[in-house]
Amino acid sequence: MLDIKLIRENPDKVKAGMKAKEVDCDAIVDRILELDKQRRELLGQTEALKAEQNKVSKQIPALKKAGQDTSAIFKEMGEIKEKIAGLDGQLREVVAEYQDCMYSLPNMPDDDLVPGGKENNEPLRYFGEPKTFDFEPKNHVDLCTGLGLIDYERGVKLGGNGFWIYKGLGAQLEWALLNYFIETHLADGYEMIMPPYMLEYQCGLTAGQFPKFADEVYKIANPTDDRIHYMLPTAEAALASVYRDEILTEADLPKKFFSYTPCFRREAGSYRADERGMVRGHQFNKVEMFQYTLPEKSDEAFEELVTKAENLVRGLGFHFRTVKLAAGDCSASMARTYDIEISIPSMNGYKEVSSVSNARDYQARRGNMRVRRADRSIQFMHTLNGSGLATSRVLPALVEQNQLPDGSIVVPEVLRKYLGGLEIIKK
RNA sequence: GGAGACGUAUCGAAGUGGCCAUAACGAGCUUGACUCGAAAUCAAGUUGUCGGGUAACCGGCACAUGGGUUCGAAUCCCAUCGUCUCCGCCA
């Protein structure tokens, strides 16, 4: 959520920011200004009436005690009450629409971002060397199936299209990756969080996924009551609500969290041919990093998270790059995002394995998460998140980049200790 | 699933229709006094939010949440959420 003061005082700047993100919000911004004006007018009127009501009703006990006739006052109070009820009703409607508009307005992009979409993304740096093969490399689906690491067909039998089974060494390799990520974050002083996997609506609203992406997540309804939960699409949805409606003290920050969770996404629509296998499933494993910081510290935290994600990928020995996203490719809630993209040979290009973002105070406003500063003033915190990492792109890259001519796979050095020292996965 | 109790500031807690909401009382925290220093003691300060105002300040709202009754609700009624206790059931 944006600061209403910014919208009020600088609507053109907000409109321009949204245009840089390639969303046209002119109508919403204008509507917000209108509703804000109505809201304040109605507030002024009701509050004046309420002040009158309070004043008069305070006099009633004294009048009664003195034995005076209060029926005229009662009549007058009745009229005030009706007026207040009418205005309150109007106010409620205005506020409801105002809030809907405020929640649906995306975050402002940072000033230094290039406007426009994906095509304007800017690779910042490359790591390692592109992998070349002196044989015809196989794709990860054939490699994993050939080695019995993943069972796509039986996965579909269990969960339908978009699910698979990690089997044997495949499951162990997946778990080894997660262990490697977790150990690294622990060593870096991040606190491990295991959140619920089913969340209430407010979590999605705070993180900024709702209302826009409410259709992209799984909705769990109960047979006997009407409470609804949502399967988390990313641990961010949980981590961003940990301090919802709380005021922390300056000394509490930063909070550095990470979580391993499965992530559940409907991914409605058909797969593209180049997204076979485990690149876009309904359930995937991800370790998510999250930070709550003081406003002036979030840039620093952002760099830390990017570096952490890069180090994880580097530790696996991959060729990859870090890309600064153009304004329009950043998600709605985020002021800036860097993607870490790994090369997956069969897909002729780079695929995102981590996305690190700074939401600044956008999520904090939605979730009312604040910090009391040393001078006792109160501010919204900043929130940041980043994958560290999602395995669904790492494992395909791993098997493809590390394949040998006979279809075996070299296990990256850092993972061997989790696999009993295994160096090569062979048939 | 059944029965009961409870939800007030940082914490404990008082308040059962107007005299109780910057909230009694107790504790904590901050500052000051005393002290060589600490403890103890004493004094002062310690909720958030919205609207108006350059400001000092003025006004509204908030006693879990949402409704209702009433001129007036922390207090009475209803619903929801949460916590606790006992019983039942159960991976």
Side-chain angles (χ1 to χ4, degrees), chain A residues 1-9 32-103 194-206 220-230 238 241-253 255 295 361 364-381:
Chain A
M1 208 151 64
L2 298 182
D3 187 353
I4 181 63
K5 286 197 201 103
L6 175 70
I7 303 174
R8 213 183 270 156
E9 286 160 17
I32 286 174
L33 290 172
E34 216 174 288
L35 291 165
D36 178 50
K37 202 172 151 221
Q38 286 179 25
R39 184 182 124 253
R40 289 195 285 169
E41 275 169 16
L42 287 167
L43 259 182
Q45 290 172 32
T46 50
E47 285 183 4
L49 285 170
K50 283 177 184 172
E52 174 71 10
Q53 191 181 41
N54 288 340
K55 202 173 123 201
V56 174
S57 78
K58 239 177 218 151
Q59 296 164 356
I60 289 177
L63 291 173
K64 274 194 166 171
K65 216 174 257 177
Q68 293 191 24
D69 180 23
T70 49
S71 57
I73 288 186
F74 282 178
K75 194 171 167 236
E76 191 196 331
M77 292 291 280
E79 282 163 14
I80 292 179
K81 193 186 169 185
E82 256 174 58
K83 272 190 215 161
I84 290 176
L87 289 172
D88 268 346
Q90 286 179 50
L91 187 62
R92 227 193 312 260
E93 279 175 35
V94 168
V95 167
E97 192 190 338
Y98 168 79
Q99 278 176 341
D100 284 349
C101 290
M102 290 295 279
Y103 276 124
M194 296 186 78
Y197 297 166
M198 294 193 289
L199 303 171
E200 296 195 326
Y201 183 85
Q202 183 66 44
C203 290
L205 191 70
T206 297
I220 310 293
N222 285 339
T224 53
D225 65 50
D226 51 10
R227 298 188 69 170
I228 288 173
H229 288 91
Y230 299 86
S241 272
V242 169
Y243 293 115
R244 173 150 31 91
D245 293 319
E246 291 191 41
I247 301 175
L248 301 186
T249 62
E250 192 166 321
D252 292 328
L253 297 178
K255 290 284 185 188
D361 63 2
R365 285 180 186 279
R366 295 170 82 93
N368 199 25
M369 301 182 285
R370 293 168 295 168
V371 55
R372 189 188 297 279
R373 305 304 303 252
D375 65 0
R376 293 201 53 80
S377 68
I378 287 178
Q379 287 179 334
F380 288 103
M381 311 178 206

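Numbered from 1 within each chain, the chains take letters A, B, ... in sequence-line order.
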Could you pull out all residues at least two apart from A/Arg372 that satisfy side chain to side chain contact (heavy atoms under 4.5 Å, CB included)?
-> A/Ile247, A/Arg376, A/Ile378

B/rC11 and B/rG7, which share atom name C1', separated by this distance in whole Å | 15 Å

B/rA33 and B/rA38: how far apart are their P atoms, nearest whole angstrom?
-> 11 Å

Rounded to whole angstrom, note down the P distance from B/rC63 over to B/rU75.
-> 8 Å

Can you check whether A/Val371's main-chain N or O pairs, donor with acceptor, with A/Gln379's side chain at less than 3.5 Å?
-> no

How about A/Phe380 and A/Asp3: do any of their side-chain heavy atoms sit closer than 4.5 Å?
-> no

Under a 4.0 Å heavy-atom criterion, the protein footprint on nucleotides 45-60 of chain B, written with B, S and -, is -SSSSBSS------BB

Taking atom SG of A/Cys101 and atom CE of A/Met1, what is their separation to the nearest 0.5 Å?
-> 12.5 Å

Between the CZ atom in A/Arg366 and the CE atom in A/Met102, the distance rounded to the nearest 0.5 Å is 10.0 Å

Between B/rG28 and B/rA39, how far is it from one P atom to the other, in whole Å?
-> 12 Å

Quick test: give all pairs of protein nitrogen or oxygen and nucleotides 75-84 of chain B nitrogen or oxygen below 3.5 Å, distance rounded to 0.1 Å.
{"unit_1": "B/rG82", "atom_1": "OP1", "unit_2": "A/Arg227", "atom_2": "NH1", "d": "3.3"}
{"unit_1": "B/rG82", "atom_1": "OP1", "unit_2": "A/Arg227", "atom_2": "NH2", "d": "3.4"}

For A/Tyr243, what residues pass the ring-ring contact (aromatic ring centres under 6.0 Å, His included) criterion, not counting sequence neighbours?
-> A/Tyr292

Is any side-chain heavy atom of A/Arg373 closer than 4.5 Å to a side-chain heavy atom of A/Pro295?
-> yes

Could you write nucleotides 64-71 of chain B as a row of B, S and -, 5' to 3', where a protein heavy atom under 4.0 Å of any base atom gives B, of only sugar-phosphate atoms gives S, and otherwise -?
-> ---S--BB

With P as the reference atom in both, quote the distance from B/rC84 to B/rC78 in angstrom, rounded to an integer.
-> 24 Å

Dot-bracket for RNA chain B: what is it, with Watson-Crick or G-U pairs under 3.5 Å, [ ] where a pair crosses earlier ones, and | for a pair to another strand?
-> ((((((((.[[[..)..(......]]]((((((.......))))))((((((....)))))).[[[[[..)....]]]]])))))))....

Atom P, compared across B/rG52 and B/rU65: separation rounded to whole Å | 25 Å

Across all chains, not counting sequence neighbours, the side-chain hydrogen bond (donor to acceptor under 3.5 Å, both in side chains) partners of A/Asn54 are none

Please name all residues satisfying salt bridge (charged side-chain N to carboxylate O under 4.0 Å, His left out) with A/Glu246, sequence neighbours left out, ordered by chain then number.
-> none

Give every donor-acceptor pair under 3.5 Å between a side-chain atom in residues 34-51 of chain A and any protein atom, sequence neighbours left out.
{"unit_1": "A/Glu34", "atom_1": "OE2", "unit_2": "A/Arg31", "atom_2": "NH1", "d": "2.6"}
{"unit_1": "A/Asp36", "atom_1": "OD1", "unit_2": "A/Arg8", "atom_2": "NH2", "d": "3.3"}
{"unit_1": "A/Asp36", "atom_1": "OD1", "unit_2": "A/Arg39", "atom_2": "NH1", "d": "2.5"}
{"unit_1": "A/Asp36", "atom_1": "OD2", "unit_2": "A/Arg8", "atom_2": "NE", "d": "2.7"}
{"unit_1": "A/Asp36", "atom_1": "OD2", "unit_2": "A/Arg8", "atom_2": "NH2", "d": "3.4"}
{"unit_1": "A/Thr46", "atom_1": "OG1", "unit_2": "A/Leu42", "atom_2": "O", "d": "3.1"}
{"unit_1": "A/Thr46", "atom_1": "OG1", "unit_2": "A/Leu43", "atom_2": "O", "d": "3.1"}

Which atom pairs, donor and acceptor, lie under 3.5 Å between side-chain atoms of residues 196-206 of chain A and protein residues at least two apart or in another chain?
{"unit_1": "A/Glu200", "atom_1": "OE2", "unit_2": "A/Arg227", "atom_2": "NH2", "d": "3.2"}
{"unit_1": "A/Gln202", "atom_1": "NE2", "unit_2": "A/Thr206", "atom_2": "OG1", "d": "3.4"}
{"unit_1": "A/Thr206", "atom_1": "OG1", "unit_2": "A/Gln202", "atom_2": "O", "d": "2.9"}
{"unit_1": "A/Thr206", "atom_1": "OG1", "unit_2": "A/Arg244", "atom_2": "NE", "d": "3.3"}

Distance between the C1' atoms of B/rC77 and B/rU70, in whole angstroms?
-> 12 Å

Separation of the P atoms in B/rU8 and B/rA14, to the nearest angstrom | 11 Å

Going by atom type alone, with no hydrogens or angles, which donor-acceptor pairs under 3.5 Å involve a side-chain atom of residues 72-91 of chain A and a protein atom two or more places apart or on another chain?
none

Test side chain to side chain contact (heavy atoms under 4.5 Å, CB included) applied to A/Asp100 - qualifying residues, sequence neighbours left out = none

